Amino acid sequence: MNCFELSTFRQQFPLLSIQVHQKPLIYFDNAATTQKPQSVIDTYQQYYSSYNANVHRASHALSASATEAFELARLKVKRFINSKSIEEIIWTKGTTEGFNLIAQTWGISQLQSGDVIVLSYSEHHANIVPWQMLAKKTGAVIKILPLTSEGKIDENSLDKVITTATRIVSVAHVSNVLGRINPIKKIIERAKAVGAITIIDGAQAIAHQRIDVQALGCDFYLFSAHKMFGPTGIGVLYGRKELLNSMPPYQGGGEMIKKVSFFEETTFNDLPFKFEPGTPNIAGVLSFSTAIDFLQQHLGDEMLNYENQLLDYCFKRLSEIKALKFVISGKPDIPLFSFTVLGHHNHDIAAALDSFGIAVRSGHHCAMPLMSYLKISGCLRVSLTAYNTVEEVDFFVESLDEILTDDYSDKVHEQAMDVNNELGQAENNIISLFKKVKGWDGKHREIMMLGKTLIRLPKEKRTDQSLISGCESLAWLTCYKDTNRQYIFSADSDAKVIRGLLVIILAAFDHKTAEQIIDFDTDAYFQDLGLMQHLSPSRGNGVYAIVAKIRAMVDLLG
Ligand code: PMP
């Protein structure tokens, strides 16, 4: 019997009560990964403190307890998705590994030149790249199912795209950008009619609806624990037993064998162990088991109804923002919204929201082909789950409104200075400027203001050579050496926040010699500025990518 009561549910997630940039965290990045309830965290810890031992191997008590709990987890997954037997449940690192496993086993052993693999335009890279690699090896070709104007795979295209040449149909149950439930039953029926195997990417569906793999009739269903309140690094490949039995193993090693000999052929273990070489992620499996208990306890009509209310409310509030443009028309099926904001770079909005304590995602969301299909370079994504609240949605919409008001980035900048003119002193000026500013929101505004001082690079200088790779948004850097052996840099980015960071970084490197540039302590500088701990990992990496590009250029110019 499951039950759902918002405050009791929410209270179980310790991370939801932390502060970010001195603001209560609002976590709207659940499609990337969900937060974990205390019970899941406890199981992880308990395994290591109470019964850590390897599974399946030793005949001692600890190992027996660990093995029992480990196999019980498999049984729970079997029941959770209603598969026929536990032999059909294979542990993987996550959804991504599931695709690679199928491509490298069934794919390599079955596909021939000219065979067709059918995907859709809205797939995650995890459901594209393994097939491209397979196609390259085998000579198979990839065909793509188009989408309707509402972002679902177009049922009307099934007969045309899925034909007797099709051997694999691999599609997402729910797209991680569009949040639409695809008509997978119809897709599976069509694939079956032409004798193709079906693989369903369940990464986004698993936490938002009940899954019954037998009712769906698919051959494979893949998902990751971390998107359903479980730990990272563990996932499930459900496969139909007959198919799994017919497939060669994926990787070799301990546990996946029956008998190993130098003189006779090595024989492989029975399912599911044939696909699980080496010591598995035991702590991951056990805490995943607790996550399933947790979800079983709550995933019922009440929770799904609540998610739907949240979805309707968030959709209504977002629809009121004039500058906001959803990437596809209509309301999504799960509370996941993707949009752009007219006149603003996605990363600028995400960074500004972060200064309000609101975690959203911006970029291509590992769906570059979908971005091209939608004719956008990226978008913002807000993804909610059952612990989010209407009040959080309200605060988010109000914050977005504030960011979009013209005066937002012009507020608080009394000591604006022309850092570009004070040669040699620029980094100290920046440090003293940032020391005067308290809190991340103030610092964020300063970064945005500094971005305005950056002289833009002419278009012809924004080339592949000047492009900085490793930055979340586009950024370019050019440089020359003057007669004093000092390096003079110019830079630009399509995101305001990156332009601001470029000003900060160039303040430290511009008009410096090669020795000064190589010796400069970037970490200490960012520490002094009080910035490093506030930058998102990807933006943090972007900062390092800029510094690396500066050093590479200096190296090149000698
Ligand atoms: N497919 C979809 C639809 C996803 O959203 C994700 C995760 N973003 C993946 C596949 C890959 O999952 P993982 O990174 O857990 O392997």
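Atoms within a ligand are numbered from 1 in the order they appear, just like the ligands themselves. All figures in this text were calculated on a predicted structure; none of them were measured in a lab. Every heavy atom of this structure was used, including side-chain atoms; hydrogens, water molecules and symmetry mates were not.
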Discussion item. Looking only at side-chain N and O atoms, does S39 offer a donor or acceptor that is under 3.5 Å from a partner on T290?
Written reply: no
Discussion item. Taking the side chain as everything from C-beta on, heavy atoms only, tell me whether F220 gets closer than 4.5 Å to L243.
Written reply: yes
Discussion item. Just to verify, which of N245, T198, D219 counts as forming a side-chain hydrogen bond (donor to acceptor under 3.5 Å, both in side chains) with R240?
Written reply: D219
Worksheet item: Is R74 atom CZ crowded by more than 12 heavy atoms from other residues, nucleotides or ligands, each under 6.0 Å away?
Response: yes
Worksheet item: Does K84 come within less than 4.0 Å of E242, counting only side-chain N to carboxylate O?
Response: no
May I have the N/O to N/O pairs between ligand 1 and the protein that fall below 3.5 Å, each with atom names and distance to one decimal?
residue, atom, partner, partner atom, Å
ligand 1, 1 (N), D201, OD1, 3.3
ligand 1, 1 (N), D201, OD2, 2.5
ligand 1, 5 (O), Q204, NE2, 2.7
ligand 1, 8 (N), H124, NE2, 3.2
ligand 1, 8 (N), K227, NZ, 2.8
ligand 1, 15 (O), S224, OG, 2.7
ligand 1, 15 (O), H226, NE2, 2.7
ligand 1, 16 (O), T95, N, 3.4
ligand 1, 16 (O), T96, N, 2.9
ligand 1, 16 (O), T96, OG1, 2.6

Discussion item. Under the salt bridge (charged side-chain N to carboxylate O under 4.0 Å, His left out) definition, can you give me all pairs with a residue in residues 120-149, not counting sequence neighbours?
Written reply: none
